[in-house]
Amino acid sequence: MKAITTLSRYFSTGKQLQVLVSSIQPPKFVPQIAAFTEDLCARILNQYPDIKTLKKLHCKVLTDDYLRWNSSLGIKLMRAYSACGEPVITRHIFDEITDKNVVLFNVMIRSYVNNHLYRDAFLVYKTMSSQGFDPDMYTYVCVLKASSGSDSLWVGLQVHSAILKFGMNSNLFVGNGLVAMYGKCKCLKEARQVFDEMPRRDVVSWNSMVAGYAQNERFNEALDLCREMEGSKLKPNACTMASLLPAAANTSSDNVFYVKEMFMKLAKTSVISWNVMIAVYVNNTMPKEAMDLYLQMDANGIEPDVVSIVSVLPACGDLSAVTQGRGIHEYAKRKKLIPNLLLENALIDMYAKCGCLRDARAVFDQMQFRDIVSWTSMISAYGMCGQGHDAVAVFAKMQNSGLSPDSIAFVSVLAACSHAGLLDEGRYYFNLMHEYGITPKLEHFACMVDLLGRAGNIDEAYGYYVLLSNIYAKAGRWQDVAAIRSILQRKGLKKIPGISNVELNDHVHTFLAGDQFHPQSKEIYEELDVLVGKMKEFGYMPETDSALHDVEEEDKECHLAVHSEKLAIAFAILNTKPGTPIRVTKNLRVCGDCHVAAKLISKITKREIVIRDTHRFHHFHDGACSCGDYW
DNA sequence: CTAGGGTTAG
């Protein structure tokens, strides 16, 4: 026994472990020797050796025969293999052990979960009871983690009902798992209910609930919970800060200050809290503060790690602090943190933002592995410097390398074309998106509008605008439509057509001002004529002059030049039963003429009409509007 | 003479 204790002192490094493994003799069925070997192996395995050492040890002593009568070592082996990212070998050992128990099942499930093989984890969970092993609290904690990891609320709910059925819900760890699962699955009410009903809560319970709010962009509630936590006896820790991070972007200065206070109150011994604070500053456009904090780490005895560097590099880019950036790059090399994909991508981005294209390219060229982000960063780098042809060349190389461009890669190449005035290339890539099954979004259209606007093709730019407006109007994303409108207005495109939407049978119908393309166009205009006739009896006078500011001159005399909301209302009247309320959304503010018309139409047709414009809601009922004619 | 297995996060 003494010998073993002495030996264990030397287990701290991989090399020593390997030496020790070589000295182990295969087990013979002599009880003392077997016990000695077992204890020795257990000690080695508990240190999580690297895969080489592990395999050596596995071959040397743990033959399958041996495993059959020793599940304890089997568990340790499985754990070690799982930690090396070898779930297949873990499973092999699991299958070899004939004398199973609940713990073995739990270790197997856990191995799958930790290696993100959630389906396999669920499968083992499903089969264990049929083999006579009932899940226990440890099992439930594992499968809850699998549910959170795979965002599968459905499985999570099933697990929850099993937990309730077997009365395991009062266990602290199970409760924490449930809170985390519901939070990940966006069920904050359920998460909060579990949290509130927990008989006992620890820091993890609070952090899980905070994480739930933060992951669902409810930063204020997350902060309220932190305050409440401080009000009780528990102190926030580095993990609390880390949980807040997803929501701590572009938030108020008060909120940033709160996180800073939390950071100051922590025992600042953990590199994680420093990294989170740096990231919070970066995500709230406070690069100077991020930089300063990074530089203070050393004096506080905290060694920056890969995450610290990846977090602070964007700040260097934002500040164009290339000297600092280079220093950090050197530090990363010295600490042998490179190669590292995230770090190298961050370096490319930093150098690009500092205008050091050569350095960016050097990092890119020296990379062992490149992902879509690496390529996209390089394309943007060239784009930012106006080297559109180089950007296009890198894009082509990326395609050749076998990677499929994603939506963001297209934004960067389109932006590069736009900055360099590469009209044909821009059109080519815009059309290419289709082949990759990517639907153009705001950013892509904005690039095209920009590109065409620069090239003087105002007409074509306008075409892209209308396309974009329709897409966003149908999705109800009026803010995006407004953003594009302001881009166009800056480019000198004054005439923005009004667009209205109205929903009918779960389908959104979109109308442009003066729209004549709708299949029911004829009936709609006829209906409008009838309505205008009746409205005139109430003293309505069409205000052609001011009302038609946003349609073409030649359309003015013609009654076809009608605002889109009138078309939408007429369409809804035609296609819905009498008395059905009509709901219209519009991308511009309702004009005076349409407002009067809507009031009268609500009276004549005895319909409730709701128009949401960019500014507010208008509820029209029996000839009056909720806005009291003030908007 | 019954271990062995568990939750949040940068």
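Throughout, a chain's letter reflects where its sequence line sits, starting with A, and its residues are numbered from 1.
By the 6.0 Å and 45° rule, A:Arg91 does not stack over the aromatic ring of A:Tyr112. Cation-pi geometry between A:Lys288 and A:Tyr281 is not met at under 6.0 angstrom from the ring centre and within 45 degrees of the axis.
Across all their heavy atoms, A:Tyr48 and A:Ala80 have their closest contact at CD2-CA, 4.1 Å. Closest of all the heavy-atom pairs between A:Asp136 and A:Asn106 is OD1-ND2, 3.1 Å.
By the 4.0 Å N-to-carboxylate-O rule, A:Arg370 lies too far from A:Glu344 to be salt-bridged with it. Under 4.0 Å is where a charged nitrogen must lie from a carboxylate oxygen, and between A:Lys184 and A:Asp151 no such pair does. Electrostatic pairing of A:Lys335 and A:Glu303 counts as a salt bridge here, judged by a charged N lying under 4.0 Å from a carboxylate O.
Using a 3.5 Å distance cut-off with no hydrogens or angles, the side chains of A:Tyr213 and A:Arg192 do pair a donor with an acceptor. Side chains of A:Tyr118 and A:His116: a donor on one and an acceptor on the other come within 3.5 Å.
Between A:Phe263 and A:Trp274, the ring planes lie perpendicular to each other; the angle is over 60°, past the 30° to 60° tilted range.
Within residues 189-215 of chain A, the residues approached by DNA chain B to less than 4.0 Å at the level of any non-hydrogen atom are A:Val204, A:Asn207, A:Ser208, A:Gln215, in residue-number order. Contacts between residues 138-150 of chain A and DNA chain B, counted as heavy-atom distances below 4.0 Å, involve A:Tyr138, A:Val141, A:Lys145.
Within the nucleic acid shown, A:Val179 has no heavy atom closer than 4.0 Å to any nucleic acid atom. Heavy atoms of A:Ile272 sit under 4.0 angstrom from at least one base atom.
Bounding nucleotides for the chain A contact on DNA chain B, 5' to 3', at a heavy-atom distance below 4.0 Å, are B:dA3 to B:dG10.
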